**Q** 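Sharing a structure below in structure tokens format, with a few things to ask.
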Number of protein chains: 2
Amino acid sequence: MQSYTEENYLKTIYHLAEKTTNVQTNAIAEQMQTKPASVTDMIKKLAEKGLVDYIKYQGVTLTEAGKNTAVDIVRKHRLWEVFLVNKLNFKWDEVHDVAEELEHIKSIELIERLDEFLGFPKADPHGDPIPDKNGRFAKTQFIKLIELKIGDSGTITGVSQHSSAFLKHLEKLGLTLGKQIQISDITDFDGSVEIKLSDKQINISREVAKHILISSNGKN
Amino acid sequence: MQSYTEENYLKTIYHLAEKTTNVQTNAIAEQMQTKPASVTDMIKKLAEKGLVDYIKYQGVTLTEAGKNTAVDIVRKHRLWEVFLVNKLNFKWDEVHDVAEELEHIKSIELIERLDEFLGFPKADPHGDPIPDKNGRFAKTQFIKLIELKIGDSGTITGVSQHSSAFLKHLEKLGLTLGKQIQISDITDFDGSVEIKLSDKQINISREVAKHILISSNGKN
DNA sequence: AAAAATTTTTAGATTTACCTAAAAATTTAA
DNA sequence: TTAAATTTTTAGGTAAATCTAAAAATTTTT
Ligand SMILES: [Mn+2]
Ligand SMILES: [Mn+2]
Ligand SMILES: [Mn+2]
Ligand SMILES: [Mn+2]
């Protein structure tokens with residue numbers, strides 16, 4: 001049984017490992033809002049428990065056991081987010097912090113019944129995939145909106161930035177999950193992207209376009 | 001902001017104060033499954049934070065602030081129990097431990113929306129009253145089944161013992177919340193109670209009868 | 001390949017929530 | 001009203017998770 005803190009470290013390492021092969025002490029520290037010295041302490045402990053492989057100065061990787069725990073926490077986090085949005089009418093930008101706490105509730109029964117209650121959802125309110133109870137989930141193959149060319153179209157199926165400010169901004173623009181979009185123009189001057197929605201035409205910055213994930217349904 | 005541990009102490013003191021005026025160190029220790037020395041440590045800390053009034057060797061009482069926190073935890077505990085039973089199909093004997101964790105999730109929004117989602121329930125699955133968001137709730141006026149006389153009738157509206165063993169036993173006997181009962185006899189030999197239910201007649205021990213709470217609807 | 005910059009670890013403390021053993025206070029019984 | 005039993009507190013320590021400051025290792029730049 002892992003502590004709340006250990007679970008958060010494992011989850012952080014798991015997410016960092018999705019981006020970089022070599023997970024560094026400083027990166028973990030930044031993500032966990034703590035100091036590198038504290039991270040070193042914790043890594044040693046996790047290594048002793050067989051949850052990570054660790055070589056001094058070489059960063060960490062999760063062991064099979066460590067990855068299993070991490071994926072389980074991710075599963076709980078995302079299921080609770082679905083609950084908050086679908087059942088309690090939270091907005092997609094309001095759920096993260098509460099899910100951050102709820103993910104640590106220790107009861108297998110609870111999470112399985114919650115999963116069933118929610119209808120075994122496959123994705124959370126941000127489009128991230130929800131692992132099943134065996135930890136399996138499809139590797140989603142999204143394209144960043146910024147990578148699309150003029151004329152390409154697709155459906156918004158995820159975001160790669162979960163800050164409240166970003167999500168609120170998307171909401172205001174009408175860029176929510178499931179929306180059909182088509183690239184009508186890409187501005188030479190600043191690289192901003194002109195998008196055609198079903199009912200309107202909008203312009204978004206490169207920065208915003210970078211963090212919108214599209215499941216492409218046809219290039220031109 | 002209180003820690004998980006502080007919240008549990010406050011809740012324990014609150015419940016003990018419902019039974020005895022003077023809440024003793026040893027009683028808290030037993031309830032919290034810890035040692036009296038640890039309780040003394042914590043009491044001092046809570047006193048410093050203004051959550052309890054404390055005079056050495058004289059036991060503790062909650063301050064207004066302490067009582068507010070305690071009632072808030074009780075509210076959360078009971079609302080989560082309702083959620084588990086009504087929405088996730090847990091049995092009334094399976095919910096306590098999970099609610100013991102869930103009650104510490106810190107989000108006012110969460111609990112208010114949960115309350116609404118559940119339809120603002122007035123009682124939890126064990127018949128205990130749920131405080132509203134201002135901490136107010138009706139002092140329930142139950143009678144212990146053991147105190148009824150032959151011929152008295154009423155409705156089962158609560159239990160004063162929450163152990164899984166006891167609750168499972170009641171379930172098996174068909175003595176669940178809302179059931180109409182009438183006392184048909186009280187055995188001279190062992191004081192056991194003969195009860196008439198709508199569909200059958202059963203006999204329960206004094207020990208069981210002590211912990212069933214009845215809202216009486218007419219003595220004879 | 002040195003020097004400089006960055007990253008990571010160690011050393012030594014702190015805080016929180018515990019513990020055991022022993023001392024002190026209070027309550028109950030003789 | 002002493003003596004005995006019980007309750008409560010104090011003293012001194014431990015373990016988990018954190019911190020700061022300084023040392024060590026690695027990487028990047030000149
Ligand atoms: Mn968390
Ligand atoms: Mn999410
Ligand atoms: Mn609790
Ligand atoms: Mn209850």
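Note that these values count all heavy atoms, side chains included, but never hydrogens, waters or copies made by symmetry. Here is the naming used below: chain letters follow the sequence lines, and residue numbers restart at 1 for every chain. Everything numeric in this text was worked out from a predicted model, so none of it was measured.
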**Q** For B:Phe166, check ring-ring contact (aromatic ring centres under 6.0 Å, His included) against everything at least two apart and list the hits.
**A**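 So B:Phe166 forms a ring-ring contact (aromatic ring centres under 6.0 Å, His included) with B:His211.
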**Q** Pairs under 3.5 angstrom, nitrogen or oxygen only, protein versus nucleotides 22-28 of chain D, please.
**A**
unit_1 : atom_1 : unit_2  : atom_2 : d
D:dA25 : O4'    : A:Tyr57 : OH     : 3.2

**Q** Can you run down the ring-ring contact (aromatic ring centres under 6.0 Å, His included) pairs that involve residues 43-79 of chain A, sequence neighbours left out, and say none if there aren't any?
**A**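 Residue pairs with at least one partner in residues 43-79 of chain A: A:His77-A:His96.
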**Q** Mind running a 4.0 Å heavy-atom check of residues 24-39 of chain B against DNA chain D and sending the residues that fall below it, in number order?
**A** B:Gln24, B:Thr25, B:Asn26, B:Pro36, B:Ala37
**Q** Calculate the interatomic distance between B:Glu48 atom CD and C:dT16 atom P; express it in whole Å.
**A** 10 Å
**Q** Apply the test side chain to side chain contact (heavy atoms under 4.5 Å, CB included) to residues A:Leu175 and A:Leu145: give CA-CA distance (whole Å), side-chain angles for both, the deciding distance (0.1 Å), then the verdict.
**A** CA-CA 12 Å; A:Leu175 298 172; A:Leu145 196 152; over 6 Å; no
**Q** So B:Asn89 and A:Phe117, do their side chains get closer than 4.5 Å, heavy atoms only?
**A** no
**Q** With sequence neighbours excluded, tell me which residues meet side chain to side chain contact (heavy atoms under 4.5 Å, CB included) with A:Gln2.
**A** A:Glu6, A:Glu7, A:Leu10, A:Leu51, A:Thr69
**Q** Does A:Asp190 have any side chain to side chain donor-acceptor pair (under 3.5 Å) partners at least two apart in sequence or in another chain, and if so, which?
**A** A:Ser192
**Q** Does B:His162 have any ring-ring contact (aromatic ring centres under 6.0 Å, His included) partners at least two apart in sequence or in another chain, and if so, which?
**A**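 In terms of ring-ring contact (aromatic ring centres under 6.0 Å, His included), with neighbours along the sequence ignored, B:His162 is linked to B:His126.
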**Q** Please report the closest heavy-atom contact between B:Leu177 and B:Asp124, naming both atoms and the distance.
**A**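 Heavy atoms only, the tightest pair is CD1-O, 4.2 Å.
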**Q** Both distances under 3.5 Å, Watson-Crick or G-U wobble: on that basis, could you give the dot-bracket string for DNA chain D, with [ ] for crossing pairs and | for other-strand partners?
**A** ||||||||||||||||||||||||||||||
**Q** Applying side chain to side chain contact (heavy atoms under 4.5 Å, CB included), can you list everything that pairs with B:His15, at least two apart in sequence or on another chain?
**A** B:Lys11, B:Glu18, B:Val74, B:Arg78
**Q** Applying ring-ring contact (aromatic ring centres under 6.0 Å, His included), name anything that partners B:Tyr4, two or more places apart in sequence or on another chain.
**A**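 With sequence neighbours excluded, B:Tyr4 shows a ring-ring contact (aromatic ring centres under 6.0 Å, His included) to B:His104, given in chain and number order.
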**Q** Could you report the tightest heavy-atom contact between A:Pro129 and A:Phe137, atom names first, then the distance?
**A** CG-CD1, 3.6 Å
**Q** Starting at atom CG of B:Asp41, determine the distance to atom P of D:dG13, rounded to an integer number of angstrom.
**A** 15 Å
**Q** Looking at DNA chain C, which of residues 3-15 of chain B put a heavy atom within less than 4.0 Å of it?
**A** B:Ser3, B:Thr5, B:Tyr9
**Q** Would you tell me if any nitrogen or oxygen in the side chain of A:Lys44 comes within less than 4.0 Å of OP1 or OP2 on C:dT10?
**A**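 So the side-chain polar atoms of A:Lys44 do come within 4.0 Å of the phosphate oxygens OP1 or OP2 of C:dT10, strictly under.
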**Q** Please identify each residue that fulfils ring-ring contact (aromatic ring centres under 6.0 Å, His included) with A:Phe83, with sequence neighbours left out.
**A**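 With sequence neighbours excluded, A:Phe83 shows a ring-ring contact (aromatic ring centres under 6.0 Å, His included) to A:Trp80, B:Phe83, given in chain and number order.
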**Q** Any chance you could measure B:Ile186, atom CD1, to B:Arg206, atom CZ, to the nearest 0.5 Å?
**A**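 Going from CD1 on B:Ile186 over to CZ on B:Arg206, the span is 9.0 Å.
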